[in-house]
Amino acid sequence: MPTEILSDRTTLVNRAVELIVERIERAIEQQGKCTIALAGGGTPKPIYEQLAQKNLAWEKLHIFWGDERYVPANDPDSNQKMAREAWLNQISIPEANIHPMPTTGENPEADAKQHEAAIRAFFQCGEGEIPSLDIILLGMGDDGHTASLFPQTKALTVRDRLITVGNKGDSQRLTFTVPFLNQGKCVMFLVTGANKRPALAQIFSSEADSQQYPARMIQPQGELWWLFDQEAGAEL
Ligand SMILES: O=C(O)[C@H](O)[C@@H](O)[C@H](O)[C@H](O)COP(=O)(O)O
């Protein structure tokens with residue numbers, strides 16, 4: 001499990017961009033396309049801004065989101081809005097390559113099922129199979145959550161779906177499930193800030209309750225990267 005503590009956020013951003021570009025180019029070379037799931041929150045935004053400066057075969061890249069707040073796409077809280085403004089609006093990527101989570105209905109459960117069906121159709125993957133994205137970017141909250149898999153929530157127990165409803169208090173979200181995340185070929189955590197240290201200590205301890213620290217549940221078959229800045233990773 002490659003783990004790197006980078007001196008500061010800028011160095012982390014540059015390292016993350018280097019690793020992501022490498023894997024996008026490799027996937028396109030080997031399979032003619034690359035599939036990536038984006039994280040929300042604040043940490044990835046400068047990474048997306050840097051990716052927008054790269055000159056890659058964007059028409060061969062397919063964009064998904066590992067989670068999404070259940071708000072309209074033009075809402076300030078929308079992960080889709082953040083990624084479009086920081087990256088996707090700046091590059092020539094076909095709209096058909098962008099696969100946002102549906103959040104415009106009144107029924108998150110129904111939208112979760114609809115998005116799962118769309119993902120299964122994209123990957124030509126039947127019920128009972130779990131598709132593998134090439135790259136999955138994840139953040140981690142100071143409570144140890146990742147994507148929208150929050151501590152002690154029902155979403156952590158969902159094993160027979162790709163997409164489920166996550167709850168942060170009374171705000172609803174859509175999220176990849178643990179089994180779907182763990183099918184990723186390259187899962188990359190991007191964690192910055194001293195406020196993440198207590199949760200990281202639990203996540204990297206030999207024993208802690210994964211229900212309380214959901215990021216512990218992410219143990220993919222493929223690559224698992226943890227990139228920290230010095231503030232977050234100092235005590236690891
Ligand atoms: O929708 C979201 O908010 C994210 O998917 C969430 O899981 C995020 O990655 C963590 O909360 C870390 O957020 P920061 O990067 O802002 O610390």
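Indexing begins at 1, ligand by ligand and atom by atom, following the structure's order. Only a predicted model underlies this, so the values are computations on that prediction, with no experimental measurement involved.
- Assignment of Arg69 to the shell around ligand 1 is supported, since a heavy atom sits closer than 4.0 Å.
- At a 3.5 angstrom cut-off on N or O pairs, Asp67 counts as close to ligand 1.
- Below 3.5 Å of separation, one finds an N or O of Lys196 facing an N or O of ligand 1.
- Listed by first then second residue, pairs satisfying ring pair (Phe, Tyr, Trp, His ring centres under 6.0 Å) with a partner in residues 157-177 read Phe176-Phe180, not counting sequence neighbours.
- Under 4.0 Å from ligand 1, not a single heavy atom of Leu138 appears.
- Among all non-hydrogen protein atoms, the one lying nearest atom 13 (O) of ligand 1 is Gly41 CA, 4.0 Å.
- Of the charged side-chain nitrogens involved, at least one lies within less than 4.0 Å of a carboxylate oxygen, so that Arg161 and Glu116 count as a salt-bridged pair.
- Of all protein heavy atoms, the one closest to atom 15 (O) of ligand 1 is Thr43 OG1, 2.7 Å.
- Heavy-atom proximity to Gly139, at under 4.0 Å, picks out these atoms of ligand 1: 9 (O).
- Residues Lys185 and Glu223 are not paired through a salt bridge, judged by the lack of any N-O separation under 4.0 Å between the basic side chain and the carboxylate.
- At the shortest separation from atom 12 (C) of ligand 1 among protein heavy atoms lies Met140 O, 3.5 Å.
- Under the 4.0 Å criterion applied to side-chain N and carboxylate O atoms, Lys196 and Asp142 are not assigned as salt-bridge partners.
- The side chain to side chain contact (heavy atoms under 4.5 Å, CB included) search around Gln50 returns Val13, Asn14, Val17, not counting sequence neighbours.
- The closest donor-acceptor contact from the side chain of Arg216 to the backbone of Ile203 lies under 3.5 Å.
- The protein non-hydrogen atom at the shortest distance from atom 6 (C) of ligand 1 is His145 NE2, 3.5 Å.
- The option with the heavy atom closest to atom 16 (O) of ligand 1, from among Gly42, Ala232, Pro214, Ala147, is Gly42.
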Carefully, step by step, assess Val158 and Asp160 under the rule side chain to side chain contact (heavy atoms under 4.5 Å, CB included).
CA-CA 6 Å; Val158 176; Asp160 59 348; 3.8 Å; yes
